[in-house]
Amino acid sequence: VFKTLIISFLGNCVLVILKYVVGIITNTQVLLADSMHSLSDLITDVVAIIGSKMSYKKSDLKHPKGYGRIQYVTNLIMGVVILLLSMNIIKTVVLSNNKEIPIELTFVISVVIIIKYILYKYIYMNGLNNDNILKASAKESKSDVLSSLCSLFVVITSSLYKYCGIFKYIDKVGALIISLFVLRTGYKIIKESLSLVVGEVENDDKVI
C-alpha cells in the first residue's frame, strides 16, 4: 500500500506542476482548475500515506484490534480537503476574465490524460484487496481523468470562438464543470467514510 501511494504521489506532483505552469503561461482557467483538481489528488495522497503508516501500527492494550479504522479518519480528511479546494476553484473562475484558449494545449492535455489513466489503473488494481485508503485514492484519480477529458473538450471547442461568440465563455464553463467533479468526489468520500464509521456492514449475500 505504501509503495503504491508513493508512486501515486510522485505522479501527481508531475501532473500538478505541468498543468499549473502551462495554465499560468497560457492564462487558461480550465487548465488551472484541472491543476487544482490534481492538487487535491496530491493532498489526499499525503494524507493517505500518513494514514496508511498509522493504520499498520501493532495492537496494544487500548487498541487490541489494531489501528485499521484510522483509515476512515484519513478518508474524511481527504473529503474535507477536496471540498475546500472545489470552493476555491469556483471563486477563482467567477472572478477570472474570458480569454481565447491556444489550440496547442490539446497535446499537453492528451499527455496528461494518458499519464493519469495509467496511474488510476495502477492504484485501482492495488486497491482491490479492499484497502479503503487506496480505494479512495483511486476514485480521486478516476475523477481527475474525467476532468482532464473535460479540459480537452474545452480546448478543442474554444477554437469555434470565431464562428460563435458564445464559445468565449467555454473556459469558465469548463472550469466550473471540473469544480463540480472535485465537489462530487469529496462528497462521496465523506459520505462513505461516515457510513463506515457508524458501523456499515456488507449485506449482499453474493458478496458474503
Side-chain angles (χ1 to χ4, degrees), residues 4-46 48 78 82 85-86 88-90 92-93 96-127 134-186 188-189:
T4 302
L5 291 172
I6 289 294
I7 292 175
S8 176
F9 172 79
L10 294 175
N12 284 317
C13 279
V14 173
L15 292 175
V16 169
I17 294 172
L18 179 62
K19 291 179 183 180
Y20 185 77
V21 170
V22 176
I24 287 293
I25 293 174
T26 60
N27 192 27
T28 306
Q29 293 303 314
V30 69
L31 200 55
L32 289 173
D34 203 6
S35 72
M36 289 298 102
H37 195 182
S38 293
L39 178 61
S40 73
D41 206 359
L42 182 62
I43 293 173
T44 56
D45 281 341
V46 173
M78 287 183 193
I82 293 171
L85 280 172
S86 68
N88 184 59
I89 294 172
I90 293 173
T92 302
V93 172
S96 66
N97 297 319
N98 298 316
K99 189 177 183 295
E100 188 175 355
I101 305 174
I103 193 65
E104 291 77 13
L105 283 181
T106 53
F107 174 74
V108 175
I109 299 175
S110 296
V111 172
V112 166
I113 291 172
I114 293 172
I115 295 174
K116 192 60 189 182
Y117 182 75
I118 293 173
L119 196 60
Y120 155 66
K121 292 298 292 184
Y122 175 74
I123 299 171
Y124 176 77
M125 294 304 295
N126 282 280
L134 287 185
K135 282 184 176 181
S137 184
K139 286 179 181 179
E140 174 62 8
S141 293
K142 183 179 180 180
S143 180
D144 202 11
V145 172
L146 295 175
S147 71
S148 293
L149 286 171
C150 176
S151 297
L152 182 61
F153 175 78
V154 168
V155 173
I156 293 174
T157 54
S158 68
S159 61
L160 301 175
Y161 168 70
K162 297 178 182 178
Y163 307 99
C164 183
I166 195 172
F167 284 108
K168 68 179 179 180
Y169 301 106
I170 193 68
D171 192 15
K172 277 193 173 185
V173 172
L176 287 173
I177 290 174
I178 289 176
S179 70
L180 293 178
F181 274 126
V182 183
L183 191 66
R184 179 176 177 273
T185 301
K188 288 183 67 176
I189 291 176

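- Residues satisfying the side-chain contact (heavy atoms from CB on, under 4.5 Å) test with Val16, not counting sequence neighbours, are Ser38, Leu39, Leu42.
- For Lys121, the side-chain contact (heavy atoms from CB on, under 4.5 Å) test picks out Tyr117, with sequence neighbours left out.
- To the nearest 0.5 Å, atoms CG (Leu149) and OG (Ser110) are separated by 9.0 Å.
- Between the OG atom of Ser148 and the CD1 atom of Ile114 there is a distance of 11.5 Å, given to the nearest 0.5 Å.
- With values rounded to the nearest 0.5 angstrom, Leu10 atom CG is found 11.0 Å from Leu15 atom CG.
- Residues that satisfy the side-chain contact (heavy atoms from CB on, under 4.5 Å) test with Ile90, not counting sequence neighbours, are Val94, Leu176, Ser179.
- Residue Ile115 is tested with Val111, Ile118, Val112 for a side chain to side chain contact (heavy atoms under 4.5 Å, CB included); the sole match is Val111.
- Annotation: side chain of Lys19 is not in contact with side chain of Val108 (no heavy-atom distance under 4.5 Å).
- Taking both residues in full, the closest heavy atoms of Leu119 and Ile7 are given as CD1-O, 4.0 Å, listed atom of the first, atom of the second, then distance.
- Between Val30 and Asp34, the closest side-chain pair of non-hydrogen atoms is not below 4.5 Å.
- A pairwise comparison of heavy atoms in Asn27 and Asp171 identifies O-OD2, 4.3 Å as the closest pair.
- Contact record, Ile177 with Cys150: CG2-SG, 3.8 Å, taken as the closest heavy-atom pair.
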